[in-house]
J.: 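I am attaching a structure below and will ask some questions about it afterwards.
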Amino acid sequence: MDHLALTARCALGLVFLVAVIGKVRGRAAYEAFRRSVPELVPLPRGAASAVLPALVVAAECAVVVLLAVERTAAAGLALAAAVLLAFTAGIGRALRAGVRASCRCFGMTPSPLGRLHLVRNLALAALAVAGAAAVLAGAPGQPHPAGVALAVAGGALLALPAVFADDLAALFSSAPRR
């Protein structure tokens with residue numbers, strides 16, 4: 001087990017888990033997320049606008065499950081990278097079109113989408129690719145417990161700024177003026 005791979009699995013697993021929970025924690029949360037999707041991806045009315053949000057949640061759930069199992073970690077990291085790049089493309093399209101869409105990434109606050117979301121998703125996608133490469137390189141041997149503990153803690157620490165990026169940006173942008 002490679003420590004980079006474990007760090008990536010933990011960080012991305014937590015990010016996607018928080019995203020799923022935020023979107024499905026209640027009917028109102030899911031409905032707000034469902035309504036936000038057409039702002040990012042122009043869809044025809046009807047079934048497509050109902051199916052895509054459900055597919056997003058299903059893909060995010062699949063990432064969490066795949067990352068939790070060592071045998072499927074490479075697939076989970078690849079799926080995480082693909083999902084994050086798809087989100088990045090949708091956000092980029094919306095920003096170029098001048099759409100003032102809200103981010104329901106974690107279902108919590110309706111923060112307006114911006115470059116921060118692009119950077120966050122690209123950084124997470126890069127982590128997924130690096131983690132997948134580490135899994136595929138496959139460092140054989142028994143991992144040291146201290147290394148595992150550090151990798152898990154590092155993954156949790158990496159997940160925090162990703163999940164709370166909007167809050168951190170708001171905190172630092174509202175500095176008192178003199």
J.: So which atom in Gly131 and which in Ala8 form the shortest heavy-atom distance, rounded to 0.1 Å?
T.: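 Smallest interatomic distance, heavy atoms only, reads CA-CB, 3.8 Å.
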J.: Does any pair with a residue in residues 53-64 pass salt bridge (charged side-chain N to carboxylate O under 4.0 Å, His left out), and if so which ones, sequence neighbours excluded?
T.: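 Output for this query lists Lys23-Glu60.
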J.: Please report the interatomic distance CG(Leu12) to CG(Leu77), rounded to the nearest 0.5 Å.
T.: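 That separation rounds to 6.5 Å.
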J.: Going only through I, L, V, M, F, W and Y residues with side-chain contacts under 4.5 Å, is there a path from Val148 to Val69?
T.: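 No; tracing contacts between hydrophobic side chains, which count when under 4.5 Å, never links both residues.
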J.: Verify side chain to side chain contact (heavy atoms under 4.5 Å, CB included) between Asp2 and Val135, making sure each step is shown before the conclusion.
T.: CA-CA 7 Å; Asp2 184 85; Val135 168; over 6 Å; no
J.: For the side chain to side chain contact (heavy atoms under 4.5 Å, CB included) test, which of Leu17, Val15, Leu14 pairs with Val64?
T.: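 Single pass found, and it is Leu17.
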J.: Are Phe87 and Leu85 linked, directly or through intermediate hydrophobic residues, by side-chain heavy-atom contacts shorter than 4.5 Å (ILVMFWY only)?
T.: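 Cluster IDs for Leu85 and Phe87 differ.
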J.: Side-chain atoms of residues 88-101: list all donor-acceptor pairs with protein atoms under 3.5 Å, sequence neighbours left out, distances to 0.1 Å.
T.:
unit_1 : atom_1 : unit_2 : atom_2 : d
Thr88  : OG1    : Leu84  : O      : 2.8
Arg93  : NE     : Leu40  : O      : 3.1
Arg93  : NH2    : Glu39  : O      : 3.4
Arg93  : NH2    : Leu40  : O      : 2.9
Arg96  : NH1    : Gly92  : O      : 3.3

J.: Using side-chain contact (heavy atoms from CB on, under 4.5 Å) as the criterion, list what pairs up with Leu79, not counting sequence neighbours.
T.: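 Partners of Leu79 under the side-chain contact (heavy atoms from CB on, under 4.5 Å) test: Ala62, Val63, Leu66, Val83.
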J.: Extract all donor-acceptor atom pairs below 3.5 Å that involve side chains of residues 113-125 and protein atoms in other chains or at least two apart in sequence.
T.:
unit_1 : atom_1 : unit_2 : atom_2 : d
His117 : ND1    : Gly114 : N      : 3.0
His117 : NE2    : Asp166 : OD1    : 2.8
His117 : NE2    : Asp166 : OD2    : 3.4

J.: Using side-chain contact (heavy atoms from CB on, under 4.5 Å) as the criterion, list what pairs up with Ala81, not counting sequence neighbours.
T.: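 side-chain contact (heavy atoms from CB on, under 4.5 Å) list for Ala81, sorted by chain: Ala128, Val129.
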J.: Shortest non-hydrogen contact from Gly13 to Leu67?
T.: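 Taking Gly13 first and Leu67 second, the nearest heavy atoms are N-CD1, 3.5 Å.
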J.: Restricting to side-chain contact (heavy atoms from CB on, under 4.5 Å), what partner residues turn up for Leu136, sequence neighbours left out?
T.: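 Leu136 satisfies side-chain contact (heavy atoms from CB on, under 4.5 Å) with Ala74 only.
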J.: Under 4.5 Å between side-chain heavy atoms, counting indirect links through other Ile/Leu/Val/Met/Phe/Trp/Tyr residues: same cluster for Leu150 and Leu157 or not?
T.: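 Result: no, two separate clusters.
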